[in-house]
Amino acid sequence: MPTVRYFAAAEDAVGRDEESRDETTLGELRRAVAAEHPELGGILPRCAVLVGGERVADDTALAATDVVDVLPPFAGG
């Protein structure tokens, strides 16, 4: 099962910093976490969602060993 790690506001919206998921593509995962966590659904379109540290298309297949990071935009710099 892929592991999803949530950071900053995404972690606050979900109520945890990581979870294991069953979805097989990134698009399925995005839709599922947005449906399960409505507060996350509001910010997810603005988040960087990385698989193995890279941006990939929603039709990308997810392997059991993949790590998906959900990174909201950060202020400052």
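Note that the structure is predicted; figures quoted are calculated from it, not measured. Below, all heavy atoms of this structure are taken into account, side chains as well, without hydrogens, waters or symmetry copies.
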Gap between atom [atom2] of [Y] and atom [atom1] of [X] - 0.5 Å precision:
X   : Y   : atom1 : atom2 : answer
E19 : E36 : CD    : CD    : 6.5 Å
D17 : D12 : CG    : CG    : 11.0 Å
R31 : T25 : CZ    : OG1   : 6.0 Å

> For P2 and E23, which heavy atoms make the closest approach, and how far apart are they?
Replying inline: CG-O, 3.9 Å

>> If I compare all heavy atoms of A48 with all of R55, which pair ends up nearest, and what's the gap?
In response: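 Shortest heavy-atom separation between A48 and R55 comes out as CB-NH2, 3.3 Å.
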
Please answer: with hydrophobic residues joined when any side-chain heavy atoms are less than 4.5 Å apart, are [X] and [Y] in the same cluster?
X   : Y   : answer
I43 : L26 : yes
F7  : V4  : no
V56 : L50 : no

Identify all side-chain donor-acceptor contacts of residues 60-72 below 3.5 Å with residues at least two apart in sequence or on another chain.
| residue | atom | partner | partner atom | Å |
| --- | --- | --- | --- | --- |
| T60 | OG1 | A57 | N | 3.4 |
| T60 | OG1 | A57 | O | 2.8 |
| D66 | OD2 | A63 | N | 2.7 |
| D69 | OD1 | R5 | NE | 2.6 |
| D69 | OD1 | R5 | NH2 | 3.0 |
| D69 | OD2 | R5 | NH2 | 3.0 |

>> Does E39, at its CD atom, have more than 12 non-hydrogen atoms belonging to other residues, nucleotides or ligands within less than 6.0 Å?
In response: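 Check fails, neighbour count at 12 or below.
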
